[in-house]
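Presented below is the structure to which this report refers.
Since this is a predicted model, take the numbers as computed values, not measurements. Order of the sequence lines fixes the chain letters, A, B, ..., with proteins taken first and strands second; residue numbering starts at 1 for each chain. Only heavy atoms go into these numbers, but all of them, side chains included; no hydrogens, no water, no symmetry mates.
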2 protein chains.
Amino acid sequence: MLINELSKETGVTPHTIRYYEKFGLIKGKRKADVKSNNYFHYDDEVVYKLELIRDAKAVGFTLSEIKNLIDAWYNKKFTIAKKLAILDEKLVTIDERINQLTEMKKLLSDFKKEVVESDC
Amino acid sequence: MLINELSKETGVTPHTIRYYEKFGLIKGKRKADVKSNNYFHYDDEVVYKLELIRDAKAVGFTLSEIKNLIDAWYNKKFTIAKKLAILDEKLVTIDERINQLTEMKKLLSDFKKEVVESDC
DNA sequence: CACAACATTAGACTATGGTCTATGGTTGTG
DNA sequence: CACAACCATAGACCATAGTCTAATGTTGTG
């Protein structure tokens, strides 16, 4: 599929898709048999990657971290040990973030109680 | 205390403290009885606010959101209802983020299992 | 075939959250 | 009193993650 279709399928604008491509997160291919234009074609793997990017960004990973993750996922040159190292690192980060969020939640809940009780 | 002491106490650089002050997150006071200089003085409330800012930033709140939160905390002009609304909103955000992180954790854990199993 | 809709690249611009530099005045220790 | 260490303001600069514009070529429908 071409960039516009990919954009519609994923909700990521063509601009941002090109930005990600330049960043090395995804890759389109030019068809050798098409000589009249130089359009990039994208497959379902790219769709899945864009969804992964969206999710990973939502939890606060930077594009560089996501690149790392995508390499663990798709780069056949990476050894199993290396892939596991990347995954474990991200899992630790996620746990830390969940802990921080839980603490912040407690802080706000406690303060909320205070505010409610002050109303007497 | 002056800005340098505040910086040492909180680990936030004087530069960033001034940036936060310009942003409206904290406020120093000039002493009326000191005429020879125009130094700002900071009290313990500011120390606490800077710690709150550090924690809130760590969980992904923007400075604008934090400003909001600090207003709920310290702004005496806000009604109790308004304070509770702000707090509830932030609590919802935190829950959403925890859910997203939990999902991402599952995704990575599953993929990790796949990688481990591929090693047979 | 005109013309909209789509494709490409390169480069300028934006917001956020700082960080650094310049300039000039103040305070405290040897 | 020299001089380092400190304070203030203003404005330039940086990275991240886009977003927009310009210039130009291609494709598809009436």
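With sequence neighbours left out, Lys35(B) forms a side-chain hydrogen bond (donor to acceptor under 3.5 Å, both in side chains) with no residue at all. Among residues two or more places apart in sequence or in another chain, the side chain to side chain contact (heavy atoms under 4.5 Å, CB included) test is passed with Lys82(B) by Phe78(B), Thr79(B), Ile86(B). A search for side-chain hydrogen bond (donor to acceptor under 3.5 Å, both in side chains) contacts involving Ser7(B) returns nothing, not counting sequence neighbours. Listed by chain and residue number, nothing satisfies the ring pair (Phe, Tyr, Trp, His ring centres under 6.0 Å) test with Phe23(A) (two or more places apart in sequence, or in another chain). Shown here are the side chain to side chain contact (heavy atoms under 4.5 Å, CB included) partners of Glu51(B), two or more places apart in sequence or in another chain: Val47(B), Tyr48(B), Arg54(B). Legend: residues meeting side-chain hydrogen bond (donor to acceptor under 3.5 Å, both in side chains) with Asp33(B), ordered by chain and number and at least two apart, are absent. Remark: Lys83(A) engages no residue in a side-chain hydrogen bond (donor to acceptor under 3.5 Å, both in side chains) (not counting sequence neighbours). For Asp43(A), the side chain to side chain contact (heavy atoms under 4.5 Å, CB included) criterion is met by Lys29(A), Glu45(A), Val46(A), not counting sequence neighbours.
Along DNA chain C, read 5' to 3', the first and last nucleotides having any atom under 4.0 Å from a heavy atom of chain B are dG17(C) to dT27(C).
When the C1' atom of dC7(D) is taken as reference, atom NZ of Lys31(B) falls 15 Å away, rounded to whole Å.
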Per-nucleotide protein contact string for nucleotides 8-14 of chain D (B base, S sugar-phosphate only, - none; heavy atom under 4.0 Å): SB-----

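For the segment residues 43-73 of chain A, no residue has any heavy atom less than 4.0 angstrom from an atom of DNA chain C.
Regarding contacts with the backbone of dG18(D), every side-chain N or O of Thr13(A) stays at 4.0 angstrom or more from both OP1 and OP2. The side chain of Asn37(A) places no N or O atom within less than 4.0 Å of a non-bridging phosphate oxygen (OP1 or OP2) of dG25(D).
Counting only residues at least two apart or in different chains, side chain to side chain donor-acceptor pair (under 3.5 Å) contacts with residues 84-102 of chain A comprise Asp88(A)-Lys112(B), Asp95(A)-Lys105(B).
Looking at which nucleotide of DNA chain D each of Tyr19(A) and Ser36(A) is closest to, the 5′-most match is held by Tyr19(A).
In this structure, the side chains of Ile3(B) and Phe40(B) stay at 4.5 Å or more apart for every pair of heavy atoms.
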